[in-house]
Number of protein chains: 2
Amino acid sequence: MTTPRQNRRRERAARGIPEATVARLPVYLRALTGLQERGVATVSSEELAAAAGVNSAKLRKDLSHLGSYGTRGVGYEVEYLVYQISRELGLTQDWVVAIIGVGNLGRALAGYGGFASRGFRVAGLLDADDSIVGQEISGMTVEHIDRLEDMIARHGVSIAVIATPAGAAQGVCDRVVAAGVTSVLNFAPTVLTVPDGVDVRKVDLSIELQILAFHEQRKAGGPDGPAPLVAGDAPPGTKQYVEPVEA
Amino acid sequence: MTTPRQNRRRERAARGIPEATVARLPVYLRALTGLQERGVATVSSEELAAAAGVNSAKLRKDLSHLGSYGTRGVGYEVEYLVYQISRELGLTQDWVVAIIGVGNLGRALAGYGGFASRGFRVAGLLDADDSIVGQEISGMTVEHIDRLEDMIARHGVSIAVIATPAGAAQGVCDRVVAAGVTSVLNFAPTVLTVPDGVDVRKVDLSIELQILAFHEQRKAGGPDGPAPLVAGDAPPGTKQYVEPVEA
DNA sequence: AAGCCTTTGTGAATACGCGCACAAAGTCAC
DNA sequence: GTGACTTTGTGCGCGTATTCACAAAGGCTT
């Protein structure tokens, strides 16, 4: 038996899904699994868009990049859409992850439930600090960074999560790339330089806070407006930046 | 004494810095402070762009939104630029942060050095779990979530960091917004709904990993290409999605 | 003081993303 | 079977972001 829907499958998906769409697919997926757990079988673009916090036209256009998976007059079948998005994102296969750097953040990542739940398996934890190596964290024993290449090869690690101090990040990155890893998630506050063909995504708390601070300041009147200064409200014309004494 | 540069100060900055630019300013700032520590006094757009990992024309256009702070033929004075960007981002004043949810991630955030270093002061940690309340973490005692409104008011909290489980996030968010907070950094894997005038930024590990997985799969040949399936390489035409038995 | 050299700041062209609004397509009631 | 109703899929216009390429501007040397 073949439904019309399946015949239409993948007539789109012209090998070029916009990056902005890719970034939203995981959000849709999460909303859909939520609906699934609540036993919802069918959802309209309007409802799903509301759950995902986006415009419904945008949602429909995003989904149209994957193919025609909806039914006009009805909506989308939740379970089917979950499968299609999962498949497009590559979540129908397992991805092996190594976490490098076991400080506060590395520990938090190691214990993060969201990894396992979606086909991401943590192969191991690595650190350079001898006082940390050997510790048991979230059921895994921390290994020494010397074993990095070995671990990547043996477990088939395809995604490296870098949670080291800033100074060590580029060195670690170079090593994982040399070992064949082509996807890196970087939590260290540094710009990583990688060769073409390697993807790096960056998560940076400090940057997010600074962006919030910018907007917060705006609301309060902007940098030239009321109360931008902590101390020493200077009279107009006074320099706020003190030039260095040397030439 | 007034230099020509200072006369020219803020002739631009027409109260509308593009969002994309704002998001890059913290990156520039970090690169600049790095140069500053290494004793570099002057930097060209080419050098700074390389350090920040962006195109040099983009960097110049970004900086031009703040004003004309460079010197043609020479470049930008590092210290001066650090000051101007800090000022524009609102880092010349202190921002008070509350961390809500003291699980693995909340703990990591509490101990994150990047907070204090740039004018972000953690007012306190809050959690709903009685077995966590009272614990001392990074020099702070975890308080009960009941005291949320009290803490916001007394410490003048302006940014709330939500690191609770997904289910609790919206409730907590509603409370902090009701208490007057207009900037939220959300680590919980949920879409937060807020009234106009409130900024929410989201950090989501799981989403970042899924985006990486998408690209990684692409490199391996795409979902229709080689090896997307873990098991059961089905002959062509075989359905990969099994329809539920019920209608 | 004049001319050369470097680097900024920006106009213009291109690409990208978003959202409206509507035709096409399907369902459901009768 | 027919018509009314619902919801998808998308053409189109608009605004934003990115990049190129160059004229304007400053410094430095002679």
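A note on names: the letters A, B, ... follow the listed sequences, proteins ahead of strands, and every chain is numbered from 1. These numbers come from a predicted model, not from an experiment.
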Hey, are [Y] and [X] close enough side-chain-wise for a donor-acceptor pair under 3.5 Å?
X: B:Gln210; Y: B:Ser206; answer: yes
X: B:Glu216; Y: A:Ser158; answer: no
X: A:Thr21; Y: A:Asp62; answer: yes
X: B:Arg87; Y: B:Thr92; answer: no

Given [options], identify the nucleotide with an atom nearest to the side chain of [X].
X: A:Arg72; options: C:dA24, C:dG17, D:dA17; result: C:dA24
X: A:Ser64; options: C:dC18, D:dT19, D:dG9; result: D:dG9
X: B:Ser44; options: C:dT8, D:dG9, C:dC18; result: C:dT8
X: A:Arg60; options: D:dT10, D:dT19, C:dT8; result: D:dT10
X: B:Val74; options: D:dG27, C:dT8, D:dT8; result: D:dG27
X: A:Ala57; options: D:dG9, C:dT7, C:dA21; result: C:dA21

Separation of atom [atom1] in [X] from atom [atom2] in [N], rounded to whole Å:
X: A:Glu46; N: D:dT7; atom1: CD; atom2: C1'; value: 10 Å
X: A:Asp62; N: C:dG19; atom1: CG; atom2: C1'; value: 12 Å
X: A:Asn55; N: D:dT10; atom1: CG; atom2: P; value: 16 Å
X: B:Leu48; N: C:dT7; atom1: CG; atom2: C1'; value: 14 Å

Could you please spell out the steps behind the side-chain contact (heavy atoms from CB on, under 4.5 Å) verdict for A:Leu185 and A:Val200?
-> CA-CA 6 Å; A:Leu185 183 52; A:Val200 177; over 6 Å; no
Between A:Ser45 and D:dT8, does any side-chain N or O lie under 4.0 Å from OP1 or OP2?
->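 Indeed, a polar side-chain atom of A:Ser45 lies that close.
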Could you tell me whether the phosphate oxygens of C:dG9, OP1 or OP2, come under 4.0 Å of any side-chain nitrogen or oxygen in B:Tyr76?
->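 Affirmative; the distance criterion is met.
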DNA chain C: 5'-proximal contact among B:Leu63 and A:Pro18 (nearest heavy atom) |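 The answer here is B:Leu63.
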Is any side-chain N or O of A:Lys61 under 3.5 Å from a base N or O of D:dG11, one able to act as donor and the other as acceptor?
->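 Under the 3.5 Å cut-off, the side chain and the base do form a donor-acceptor pair.
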